[in-house]
Asker: 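Structure below; questions to follow.
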Amino acid sequence: RDVLGSRGLGDVYKRQVAVDTASDALLGEPLQLYADRVDLCIDHHPSNTGYAKRLLLRPTAAAACELMTDLLTELSGLDERMADCLYTGLVTDTGGFLHGSTTAAVFRLAALLSDSGCDIHKLREKLDNNWSPARMALWARLMQRVEISCDGRAALALARLEDLRQCGALKEDLEGLVEQFRRLRGVEASGILREDAPGVYKLSLRSTGTTDVRSVAVQFGGGGHRNAAGGTLRMEGEEAF
């Protein structure tokens with residue numbers, strides 16, 4: 001109630017709220033015009049810039065949906081549809097409960113969402129077993145292209161728009177691939193450099209243990225967590241790579 005203001009929780013429906021967005025730059029160009037009107041930001045990234053008028057920040061949370069669960073429980077309670085959405089956020093933000101941010105609190109939240117109507121088995125079937133042939137072709141291409149460096153401790157792949165076009169894939173088809181590179185024995189940090197437009201590349205980074213990829217991401221105007229971060233590079237592909 002202190003975060004949302006004196007008019008109470010119900011007033012949240014009349015406010016501009018950003019969720020899981022650490023910087024106004026991440027709102028995207030159309031929404032950046034309204035960044036100064038964001039009344040509340042609900043986030044868990046330590047790199048949050050504090051751009052919103054009010055900030056509900058919990059850096060110890062593994063996912064923003066932990067905060068959303070608390071808020072929705074007080075607002076209206078959870079129903080099956082909410083539980084499905086929140087569990088999706090939880091499982092994706094923790095890399096399927098593999099990231100270092102996975103704590104006992106994460107599993108307690110998963111149990112709560114299950115009790116609230118989330119059919120975890122059915123949802124995981126939709127999340128994990130719904131690949132298109134284009135996605136498989138794209139992953140196979142980049143698996144063969146990944147470059148290993150730093151004495152085998154780092155793995156990085158470049159995904160061009162032409163790769164997506166030739167495979168008939170979408171940008172979303174790259175989701176999850178960066179985690180697969182970490183399965184290589186000895187790899188502590190992995191990344192994908194994805195071409196979004198000519199001269200614009202999105203960098204996604206993952207790591208294990210104490211290897212801090214956030215410190216790399218912030219150099220490119222990005223941020224995130226120690227083991228999961230990202231940024232944007234505005235340069236030609238070979239130079240960025």
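Just so it is clear, the structure is predicted and the values come from calculations on it, not from any experiment.
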Asker: Walk me through whether Thr60 and Thr103 qualify under side chain to side chain contact (heavy atoms under 4.5 Å, CB included).
Answerer: CA-CA 10 Å; Thr60 58; Thr103 62; over 6 Å; no

Asker: Between Leu113 and Ala83, which heavy-atom pair has the shortest distance, and what is it?
Answerer: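 That would be O-CB, 3.6 Å.
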
Asker: How far apart are the C-alpha atoms of Cys118 and Leu123, what are their side-chain angles, what is the distance that settles it, and do they pass the side chain to side chain contact (heavy atoms under 4.5 Å, CB included) test?
Answerer: CA-CA 8 Å; Cys118 175; Leu123 193 58; 4.0 Å; yes

Asker: Within a strict 4.5 Å, meaning less than it, do heavy atoms of the Asp173 and Ser132 side chains meet?
Answerer: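 Yes, side chains in contact.
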
Asker: Could you give the distance from CE (Met68) to SG (Cys85), rounded to the nearest 0.5 Å?
Answerer: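 Atom-to-atom, Met68:CE and Cys85:SG are 10.0 Å apart.
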
Asker: Please report the closest heavy-atom contact between Phe181 and Ser190, naming both atoms and the distance.
Answerer: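 Closest approach of Phe181 to Ser190: CB-CB, 3.6 Å.
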
Asker: Within a strict 4.5 Å, meaning less than it, do heavy atoms of the Glu80 and Asp119 side chains meet?
Answerer: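 The answer is no, as the side chains (C-beta and beyond) never meet within the 4.5 Å cut-off.
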
Asker: Would you confirm whether Arg135, through its side chain, and Glu175, through its main-chain N or O, come within 3.5 Å as a donor-acceptor pair?
Answerer: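 Between the backbone of Glu175 and the side chain of Arg135 there is a qualifying donor-acceptor contact (under 3.5 Å).
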
Asker: Linking I/L/V/M/F/W/Y whenever any side-chain heavy atoms sit under 4.5 Å apart, do Leu26 and Leu33 land together?
Answerer: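 As far as the 4.5 Å side-chain criterion goes, Leu33 and Leu26 are not connected within one cluster.
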
Asker: Mind running salt bridge (charged side-chain N to carboxylate O under 4.0 Å, His left out) on Arg165 and Glu162 for me, showing each step along the way?
Answerer: CA-CA 5 Å; Arg165 187 191 68 78; Glu162 183 66 11; 2.5 Å; yes

Asker: Minimum heavy-atom separation for Leu40 and Ala52, please, with both atom names.
Answerer: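 Scanning both residues completely, I find the closest heavy atoms to be C-CB, 4.0 Å.
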
Asker: Are any side-chain N or O atoms of Asn130 and backbone N or O atoms of Glu125, one a donor and one an acceptor, separated by less than 3.5 Å?
Answerer: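 Between the backbone of Glu125 and the side chain of Asn130 there is no qualifying donor-acceptor contact (under 3.5 Å).
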
Asker: Hydrophobic clusters here meaning ILVMFWY residues chained together by side-chain heavy-atom distances under 4.5 Å, can you tell me if Val106 and Ile42 are in one?
Answerer: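 Same hydrophobic cluster.
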
Asker: What distance do Leu233 atom CG and Leu193 atom CG have between them, rounded to the nearest 0.5 Å?
Answerer: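 Leu233 atom CG to Leu193 atom CG measures 6.0 Å (nearest 0.5 Å).
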
Asker: Under a 4.0 Å threshold between the charged nitrogen and the carboxylate oxygen, would Asp70 count as salt-bridged to Arg58?
Answerer: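 Here Arg58 pairs with Asp70 in a salt bridge, since their nearest N and O are under 4.0 Å apart.
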
Asker: Any side-chain heavy atom of Leu90 within less than 4.5 Å of one from Thr69?
Answerer: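 The answer is no; the side chains never approach within 4.5 Å.
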
Asker: Does Val19 offer a backbone N or O that forms a donor-acceptor pair with the side chain of Thr21 under 3.5 Å?
Answerer: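 Such a contact is found between Thr21 side chain and Val19 backbone.
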
Asker: Applying a strict under-4.5 Å side-chain criterion to I, L, V, M, F, W and Y, I'd like to know whether Leu109 and Leu72 cluster together.
Answerer: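 Same hydrophobic cluster.
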
Asker: Around atom NZ of Lys126, are there more than 12 heavy atoms of other residues, nucleotides or ligands at under 6.0 Å?
Answerer: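 No - once you tally the heavy atoms of other residues, nucleotides and ligands closer than 6.0 Å, there are 12 at most.
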
Asker: What's the separation between atom OG in Ser116 and atom CE in Met82, rounded to the nearest 0.5 Å?
Answerer: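 Between atom OG of Ser116 and atom CE of Met82 there are 10.5 Å.
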
Asker: State, to 0.1 Å, how close Ala110 and Phe97 come at their nearest heavy-atom pair, and which atoms those are.
Answerer: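 Looking at all heavy atoms of both residues, the closest pair is CB-CZ, 4.4 Å.
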
Asker: Has Arg145 got a side-chain atom pairing as donor or acceptor with Leu158's backbone, closer than 3.5 angstrom?
Answerer: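 Flag set: sc Arg145 to bb Leu158 pair under 3.5 Å.
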
Asker: Do Val146 and Leu156 come close enough that some side-chain heavy atom pair is under 4.5 Å?
Answerer: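 Side chain of Val146 against side chain of Leu156, heavy atoms only: no contact under 4.5 Å found.
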
Asker: So, does Asn48 use its side chain to make a donor-acceptor pair with the main chain of His45 at under 3.5 Å?
Answerer: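 Checked: no pair found.
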
Asker: Roughly how far apart are Leu98 CG and Asn227 CG, rounded to 0.5 Å?
Answerer: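 Between Leu98 CG and Asn227 CG, I get 11.5 Å after rounding to 0.5 Å.
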
Asker: Assess the residue pair Val178 and Leu205 against the criterion (side chain to side chain contact (heavy atoms under 4.5 Å, CB included)); give the C-alpha distance rounded to whole Å, side-chain angles, the decisive distance to 0.1 Å, and a yes or no.
Answerer: CA-CA 7 Å; Val178 67; Leu205 299 169; over 6 Å; no

Asker: Heavy atoms only: give me the nearest Leu170-Leu138 pair and the separation to one decimal.
Answerer: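 Looking at all heavy atoms of both residues, the closest pair is O-CD2, 4.5 Å.
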
Asker: Extract all donor-acceptor atom pairs below 3.5 Å that involve side chains of residues 212-224 and protein atoms in other chains or at least two apart in sequence.
Answerer:
from, atom 1, to, atom 2, distance (Å)
Asp212, OD1, Arg214, N, 3.0
Asp212, OD1, Ser215, N, 3.4
Ser215, OG, Asp212, O, 2.9
Gln219, NE2, Ser215, O, 3.2

Asker: How far apart are the closest heavy atoms of Ala228 and His99, and which atoms are they?
Answerer: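 Shortest heavy-atom separation between Ala228 and His99 comes out as CB-CE1, 4.4 Å.
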
Asker: For atom CE of Met136, decide whether the heavy atoms of other residues, nucleotides or ligands shown that lie under 6.0 angstrom number more than 12.
Answerer: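 Not more than 12 within 6.0 Å, no.
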
Asker: Counting only N and O atoms by type, is there a donor-acceptor contact under 3.5 Å from the side chain of Asp39 to the main-chain atoms of Gln16?
Answerer: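 A pair under 3.5 Å: yes.
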
Asker: Rounded at 0.5 Å granularity, tell me how far CZ in Arg141 sits from CD in Gln166.
Answerer: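 Between atom CZ of Arg141 and atom CD of Gln166 there are 4.5 Å.
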
Asker: Do Arg124 and Val91 come within less than 4.5 Å of each other through their side chains, counting heavy atoms only?
Answerer: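 When only atoms from C-beta onward are counted, Val91 and Arg124 do touch, with a gap below 4.5 Å.
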
Asker: Flag the pair Ile120 / Tyr87 as yes when at least one side-chain heavy-atom distance between them is below 4.5 Å, and no otherwise.
Answerer: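 In short, these two side chains touch, coming nearer than 4.5 Å.
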
Asker: Please report the C-alpha distance between Arg234 and Tyr201 in whole Å, then the side-chain angles of each, then the deciding distance to 0.1 Å, and finally whether the side chain to side chain contact (heavy atoms under 4.5 Å, CB included) criterion is met.
Answerer: CA-CA 6 Å; Arg234 299 184 181 277; Tyr201 289 81; over 6 Å; no

Asker: Quick one: does any side-chain atom of Glu195 pair with a main-chain N or O of Leu161 as donor and acceptor, under 3.5 Å?
Answerer: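 Yes; at least one donor-acceptor contact below 3.5 Å.
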
Asker: Any side-chain heavy atom of Pro46 sitting closer than 4.5 Å to one from His225?
Answerer: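 Touching, per the 4.5 Å side-chain cut-off.
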
Asker: Are there more than 12 heavy atoms of other residues, nucleotides or ligands under 6.0 Å from atom CZ of Phe107?
Answerer: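 Yes, enclosed.
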
Asker: Nearest 0.5 Å, please: how far is CG in Leu67 from CG in Leu56?
Answerer: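 The distance works out to 5.0 Å.
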
